[in-house]
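Input: a single structure, listed below in structure tokens.
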2 protein chains.
Amino acid sequence: MFGFTTISIDAKGRLAVPAKYRNQLNAQNEESIVVTRDPQYPALKIYPGSIWKSISTELQSLQGLDPIVRNLQWTILGNASESSFDPKGRMLILLPSELREYAEIQKEQKASFIGMGNKFEVWNDKNWEARQTGGALSTEILEVVLPESLKTISF
Amino acid sequence: MFGFTTISIDAKGRLAVPAKYRNQLNAQNEESIVVTRDPQYPALKIYPGSIWKSISTELQSLQGLDPIVRNLQWTILGNASESSFDPKGRMLILLPSELREYAEIQKEQKASFIGMGNKFEVWNDKNWEARQTGGALSTEILEVVLPESLKTISF
DNA sequence: ACAGAATCCGGCTTATAGATCAACTCAAGT
DNA sequence: ACTTGAGTTGATCTATAAGCCGGATTCTGT
């Protein structure tokens, strides 16, 4: 589940998961996926159900006194939205408007769907292109110094 | 799997893997290969399936909030494209247009296919020649300072 | 509570990109 | 010179994305 595809967001703010990834998700018996914020960049993360389960469990189990940890819990857990396959094995995700805003993705626009192995990212395609060529994003990159407790989680 | 061959990209942006390498891949029971960006130079990397598996697994497992790590994940995982042998044992790879652009390889042009042992590289043949003679590439080389966590991965 | 409006969700159709299949030419070796 | 295999080009076909439409459901305002 690698590589990227340019997809279009329809007039209703929906995103269709590209078939090549869908097929693999089906093959792995994944029944749902979860969309949430990327904690650093103006982008969205998409996790297959099983991956989400382990990441969210790990995040929840962390003690909540460290401000960075709490922030991560809010942004990742608090913005999660689950979708599942339709009876024909297709998947059309309705991106909640807060997530669309966060990732600067408008309706009827192009977006980049990026396969990162066990998870995916969705970018406004202009931002993705800028990233690829080393250009500036419209939103600043956050500098994050991670506490030890997070070093083992790969978001 | 060493040495280099000059190959040509056809009008549709396709690349045929030279027979001498193909045969060795077959002999090693490799069933697919993965093309992706070289993280430093305007060139493409081609990994046999098994090699790709270990590299991509290592990359994914790295903690994902470090900007350098994420950049590597994006460029390597996010640009990967898999191909497999056809029934006759031949292999014709369609190079995605973004990869062609990145490596400055145009349709109907020559390219250099370089065997590096357990992986291959594909260069615009002018750039390859320039590299060989110490001349300047048309695109600057990126300076990359690798964090310790990446020192063990041989891309 | 009801009506109207807006939003959400599924089905259908069509243009297209990409994968497969096939054929031709060239080069090399016997 | 003939045969075989490789490289290259061309053609076809299938799967998919995306646009469109209509029905259903929820929300809102009166």
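As the structure is a computational prediction, the values presented were derived from the model and not from experiment. Convention: sequence-line order gives letters A, B, ...; per-chain numbering from 1.
- Panel note: side chain B:Gln73, backbone B:Leu59; a donor-acceptor pair is recorded below 3.5 Å.
- When the C1' atom of C:dG18 is taken as reference, atom CG of B:Asp86 falls 15 Å away, rounded to whole Å.
- Regarding B:Lys12, its NZ atom lies at a distance of 10 Å from the C1' atom of C:dG18, rounded to whole Å.
- Residues B:Lys107 and B:Arg100 have side chains in contact (heavy-atom distance under 4.5 Å, counting atoms from C-beta outward).
- Of all nucleotides in DNA chain D, those with any atom nearer than 4.0 Å to a heavy atom of chain B start and finish, going 5' to 3', at D:dA6 to D:dA11.
- For the ring-ring contact (aromatic ring centres under 6.0 Å, His included) criterion with A:Phe113, the lone passing option out of A:Trp123, A:Phe4, A:Phe120 is A:Phe120.
- The distance from the CD atom of B:Gln106 to the CD atom of B:Glu101 is 9.0 Å, given to the nearest 0.5 Å.
- Atom CZ of B:Phe85 is separated from atom C1' of C:dC21 by 18 Å (rounded to the nearest Å).
- As a whole-Å value, the separation of A:Arg14 CZ from C:dG11 C1' is 11 Å.
- Among the atoms of the strands shown, none is found under 4.0 Å from any heavy atom of A:Ala16.
- Contact annotation: the side chain of B:Leu92 never approaches that of B:Lys12 to less than 4.5 Å [non-hydrogen atoms, C-beta and beyond].
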Kindly list each side-chain donor-acceptor pair under 3.5 angstrom involving residues 44-51 of chain A, sequence neighbours excluded, with atom names and distances?
unit_1: A:Lys45; atom_1: NZ; unit_2: A:Glu121; atom_2: OE2; d: 2.9
unit_1: A:Ser50; atom_1: OG; unit_2: A:Glu30; atom_2: OE2; d: 2.5

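- Remark: nothing in residues 43-52 of chain B comes within less than 4.0 Å of DNA chain D through any heavy atom.
- Atom CG of B:Asp10 and atom P of C:dT25 are 17 Å apart (whole Å).
- One atom, CG of A:Leu94, and another, P of C:dC8, lie 5 Å apart when rounded to the nearest Å.
- Inter-residue side-chain proximity for A:Asn124 and A:Pro42 is flagged as unmet; no heavy-atom pair is nearer than 4.5 Å.
- Nucleotides of DNA chain D nearest to A:Lys110 and B:Ala11 differ in position, and the one nearer the 5' end is that of B:Ala11.
- As a whole-Å value, the separation of A:Leu95 CG from C:dT7 C1' is 15 Å.
- A donor-acceptor pair is defined here as one N or O able to donate and one able to accept, closer than 3.5 Å; such a pair exists between the side chain of B:Gln60 and the backbone of A:Asn118.
- Within the 4.5 Å cutoff, side-chain heavy atoms of A:Leu77 are placed close to those of A:Ser56.
- Separating the NZ atom of B:Lys20 from the P atom of C:dA27 is a distance of 18 Å, rounded to the nearest angstrom.
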